[in-house]
Protein chains: 2
Amino acid sequence: MPAMTSAVESAPRSPGRPRSARADEAIIEAVLDLLAEGSTIESLSIEAIAARAGVGKATIYRRWSGKQALLVDALRSLKGDPPTPKGESVRDDLVLLMRGVGHNPDPRASKIMPCLVPEARRSPEQYALYQELVQPRRELTREVLRRGVRTGELRADLDIEVAMVMLTGPVLMQKILKWHPEIDEDDLPERVVDTLLAGLAPS
Amino acid sequence: MPAMTSAVESAPRSPGRPRSARADEAIIEAVLDLLAEGSTIESLSIEAIAARAGVGKATIYRRWSGKQALLVDALRSLKGDPPTPKGESVRDDLVLLMRGVGHNPDPRASKIMPCLVPEARRSPEQYALYQELVQPRRELTREVLRRGVRTGELRADLDIEVAMVMLTGPVLMQKILKWHPEIDEDDLPERVVDTLLAGLAPS
């Protein structure tokens, strides 16, 4: 909030902006609170969001084209920015990105995020929402793999799309479900990356 | 059914057995029909199963200790027997086992099975049910990996538990959700096995 006050002071010619930013934030928070309290994505309505945020529906529609676009922004805000690959070691960057899978500092995330994958099965809208939400993080991983091919850290004939699901799939399944009870989550990102880099065939 | 008739003819001293086998089958079918029609595992009751199968509740409790044990039998029957590894090539056996992940010839399976992973999150009972259901198939895969270490087809320092989730996780996520829309399911088992065997590091 101090940053916002100083923006008002340093930019007196756009007095509407901070109020609108505050409304945006209240709307995003309303979405996340309602979802964390158990509202499903399906049942969440613009009316309920407006009421909870203390704004009119028109305020929401001025900023977002509809529920889908608002949900994408709210869920991205919940997850925070993805980690930034350092660009030194492909192995270390993959571990960094895999450590971010299912890792969400906001306590509301533990109520909201594990439902997204199952809910994505329910309708084309929810499937599209999930795909749009994860797309930027997927692109980060894809880019690290492409870089590895360029630098020679990874083999040239790499099956990049399959490598992506082999890295993320097990980490996500463990986070959502503790899928294999005997596997410890803590060092799974390292174990997955190192197992995939080395391969199972004898060297 | 012909096999059952001949069992009666060749074993006249246990006349109760075929009738009991028919009741068992009717009970299993009732469970699968009710689940395929949309009943959740949570809401499924022994009363409803008995009514649908045309048997008394006592008949069910004579054969199964409770709903959990009955569900495990019903879901294993739905999935059918897992494929049998041929024991020649570890690579081919892994592909065979991965082809079986999420592959269910019974049309009711497409309604029932994709819900099991999400439902396993709901309660300790459903989690235990899922673990009990998948355990024999996991053991088959684990045994093929152990065999590969013994024969030298796989590296001696293999992380077997992590290799298991890296093989099955991506195939299952694609089957449940078409998780990465751009990946074709048909040859995914081969691509996953071959990518994991070769590894990402340059050879």
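The chains referred to below are lettered A, B, ... by the order of the sequence lines, with proteins before strands, and numbering in each begins at 1.
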For [X] versus [Y], what's the shortest heavy-atom pair and its separation?
X        : Y        : value
B:Gln131 : A:Lys178 : NE2-O, 4.0 Å
B:Gly169 : A:Trp179 : N-CH2, 3.4 Å
A:Gly152 : B:Pro202 : O-CG, 3.3 Å

**Report entry** Pick from B:Val90, B:Thr168, B:Leu188 with the largest number of heavy-atom pairs that fall under 4.5 Å of chain A
**Finding:** B:Thr168

Query raised in the report: Between B:Thr195, B:Ile183, B:Leu196, which residue shows the highest count of heavy-atom pairs closer than 4.5 Å to chain A?
Result: B:Leu196

Report summary line: Under 4.5 Å to a heavy atom of chain A? For B:Ile176 that would be both

Query raised in the report: B:Leu177 versus chain A, heavy atoms under 4.5 Å apart: side chain, backbone, both or neither?
Result: both

Query raised in the report: Does a side-chain heavy-atom distance below 4.5 Å link B:Val193 with A:Leu200?
Result: no

Report summary line: Counting heavy-atom pairs under 4.5 Å with chain B, the top scorer among A:Met173, A:Arg138, A:Glu182 is A:Arg138

Report summary line: Within residues 153-162 of chain B, the residues sitting under 4.5 Å from chain A by heavy atom, in sequence order, are B:Glu153, B:Leu154, B:Arg155, B:Leu158, B:Asp159, B:Glu161, B:Val162

Report summary line: Between the CD atom in B:Gln135 and the NE2 atom in A:His180, the distance rounded to the nearest 0.5 Å is 11.0 Å

